[in-house]
> 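Quick one: the structure is below, questions incoming.
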Protein chains: 2
Amino acid sequence: MSGAVAVAEVRSAQAQRREHILDAAESCFVRNGFHRTTMQDLAREAGMSPGNIYRYFESKEAVVRGLAERDRERGMALVAEFERAGDRRGALLRIIEHYFAHMTREDAVLRVDLWSEATRNPDIAALVEQGEDEARCWMTEIFAALATAPDCDPVALHALLDAQMKGIVVARALSSTYDPAPAAARLRTLMDAGLEGRLPATARPLGETAS
Amino acid sequence: MSGAVAVAEVRSAQAQRREHILDAAESCFVRNGFHRTTMQDLAREAGMSPGNIYRYFESKEAVVRGLAERDRERGMALVAEFERAGDRRGALLRIIEHYFAHMTREDAVLRVDLWSEATRNPDIAALVEQGEDEARCWMTEIFAALATAPDCDPVALHALLDAQMKGIVVARALSSTYDPAPAAARLRTLMDAGLEGRLPATARPLGETAS
DNA sequence: GACGTGAGAATGAACGTTCATTATGATGCT
DNA sequence: AGCATCATAATGAACGTTCATTCTCACGTC
C-alpha cells in the first residue's frame, strides 16, 4: 500500500515538475518565441539546470508539444466544467467570456506562435487540428440545439464565428492596446443573430450580385 | 548621358538582385519559416553564394524586413491600381477577390509567420502596423462613402471585417484543404449587410442580454 | 550501497557573418 | 584591335559564437 502511495507520489512529483517547466516555457515563449528561446533561458526561468530539463522532456521540441497538449487539455477541461455547471448556452457564453473578453496578450501571442509553428511542424499541426476539430464539433452541436430559426446552418455559422475568433486572437497579439471586450461582444452578437436567422444568407462564392 | 544610363542600370540591377533574393526568401520562409531557414538555404535557393547576399542585405533580419516591406508596398500598389481602374466599390471587391478568394496557402503561411514575428520584433511590428493602419484608413473611408444606412458605423464595420479577414488567413494557413472562396463570399455578404444596416447592432461589451 | 534527483561543465554540430581571393566586364589608352 | 586598369560582383572557406544535448559527479534518501 505504501508502495502504491510512493508510486503515486512519484508520478505526481514528476507531473508537477513537468507543469513547472511548462509554466516556465510559457513565459519564455511569450517573451521570445519558441525559436529564440534557448534551453538555458528555459532552465533559468524554471530555476533548474539545463540538463535536468531532459529528465522531464525528451527534447526542446517535446516541450513545445507538451505546451500545445496542455493548452488543448485545458480547453477541454474548461468546456467540461462550464457544461457541468449550467446549460449549454451558458457554457458557450462563458467560453466566449473566458477566451475572448478576458484574453491576455500573452495568451494571444502564444496562440499565434502555435499556429505559425503548426504550419510546418506536423506534430504541432496534429495537436492544433485536433483542438480545432473538437471545438468545431462542440460548437456546431450546440448551435444546432440552440438555433431558433429553421434556416440556421450550424456549420456555416461556425465557419463564420471561427474566423472571427481567430482574427480576434491575431488582433490581440499584434497590438498591446487592443481591447478584446468589444470584439467579444460583437462575437456574441454575431452568434445570436446567426442562431435567430437574422444573418444574411451567403450566395455563391464567385460571380456578381444575383439580385 | 551614358553615365546617367549606367547609373540607372546599376540601380535597377541591384534592385533586381534584391527582388530575386526576396523571391528566394519567400520560398524558403514558406517552407521552413524564418528561424529554420539558414543563410545557406537562402543562398542555394537564390543560386548564389552566402557571402554575396550580404552585398544586398545587411543581415538575415534585413531580408525579413525587406520581405515585409515589399508585401506592404505591393498591397498599396494593388489598391492604387484597382482604384485607378474603376469605382471604389469595385476596388474593394477586387481586393477581397485577390486577397481572399484567390489566396494561396503560401501567402497565408507567410502572413501568419509575419504576424508571429511582429509580436516581438519591433521593426516588423512597425511595418505590419503601418500596413494595418493604411488598410484601416482606406476601408473606413470607403465604408463611410458607400454606406446606404444612416446607422452604419464604418469603424465598427471595419473592426468586424478586419477580424474576419485575419481569421480567414489563419484558417487558410492551418489547413491545406481549406477553401477560401466561401469565406470570401461570407466576407462580402457581411460587408454588404453592414453597409446596408442589416447587421445587428452590438450592445455593451459586458453584462447579460438587456432585453 | 543503490537509486532517484539534480547541478553544471563539456561537447560538438550548426549557423550567421566575414574576408581574402577570384571572375567579369566596362573604360580608356596606345 | 589589343591591352592595362579598375570597379563591381561573386565565391566559398574559415571564424567565432551559440545552443541543444550529453556527461560526470555530487547529494540525499531508503
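Note that the coordinates shown come from a computational prediction; the quantities given were computed from them, not determined experimentally. Just so we're on the same page: letters track the sequence lines, and every chain starts at 1.
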> What parts of residues 49-62 of chain B reach DNA chain C, counting only heavy atoms under 4.0 Å away?
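Result for residues 49-62 of chain B: Gly51(B), Tyr54(B), Ser59(B), Lys60(B), sorted by number.
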
> Determine whether Asp41(B) and Glu45(B) satisfy the following criterion, side chain to side chain contact (heavy atoms under 4.5 Å, CB included), listing intermediate values before the conclusion.
CA-CA 6 Å; Asp41(B) 290 341; Glu45(B) 182 80 30; over 6 Å; no

> What residues in residues 21-43 of chain A put a non-hydrogen atom under 4.0 Å from any atom of DNA chain C?
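Here the set is empty: none.
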
> From CZ of Arg44(A) over to C1' of dC19(D), roughly how many Å is that when rounded to an integer?
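Nearest whole value for this atom pair: 12 Å.
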
> What does the list of N/O pairs under 3.5 Å between the protein and nucleotides 26-30 of chain D look like, with a distance for each?
none

> Checking Asp153(B) now: which residues fulfil side chain to side chain donor-acceptor pair (under 3.5 Å) with it, not counting sequence neighbours?
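In terms of side chain to side chain donor-acceptor pair (under 3.5 Å), with neighbours along the sequence ignored, Asp153(B) is linked to no residue.
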
> Looking at Arg136(A) and Glu129(A), is there a salt bridge between them, counting it only when a charged N and a carboxylate O are closer than 4.0 Å?
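Result for this pair is no, no salt bridge flagged.
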
> Would you call Asp192(A) and Arg89(A) a salt bridge, using N to O less than 4.0 angstrom?
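Salt bridge flag = yes for Arg89(A) with Asp192(A).
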
> Within this structure, what is the CD1-CE distance for the pair Ile95(B) and Met165(B), rounded to the nearest 0.5 Å?
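That separation rounds to 10.0 Å.
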
> What I want to check is whether the side chains of Thr104(B) and Asp107(B) have a donor and an acceptor closer together than 3.5 Å.
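Result is yes, a qualifying pair exists.
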
> Does Glu19(B) have any side chain to side chain donor-acceptor pair (under 3.5 Å) partners at least two apart in sequence or in another chain, and if so, which?
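Partners of Glu19(B) under the side chain to side chain donor-acceptor pair (under 3.5 Å) test: Arg70(B).
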
> Which value, rounded to the nearest 0.5 Å, describes the distance between Gln14(B) atom CD and Tyr56(B) atom OH?
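Between atom CD of Gln14(B) and atom OH of Tyr56(B) there are 6.0 Å.
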
> Is Glu81(B) salt-bridged to Arg94(B), cutoff N-O under 4.0 Å?
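No.
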
> Can you name the ring-ring contact (aromatic ring centres under 6.0 Å, His included) partners of Phe29(B), sequence neighbours left out?
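Testing Phe29(B) for ring-ring contact (aromatic ring centres under 6.0 Å, His included), a comparison that skips the adjacent residues, returns Phe34(B).
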
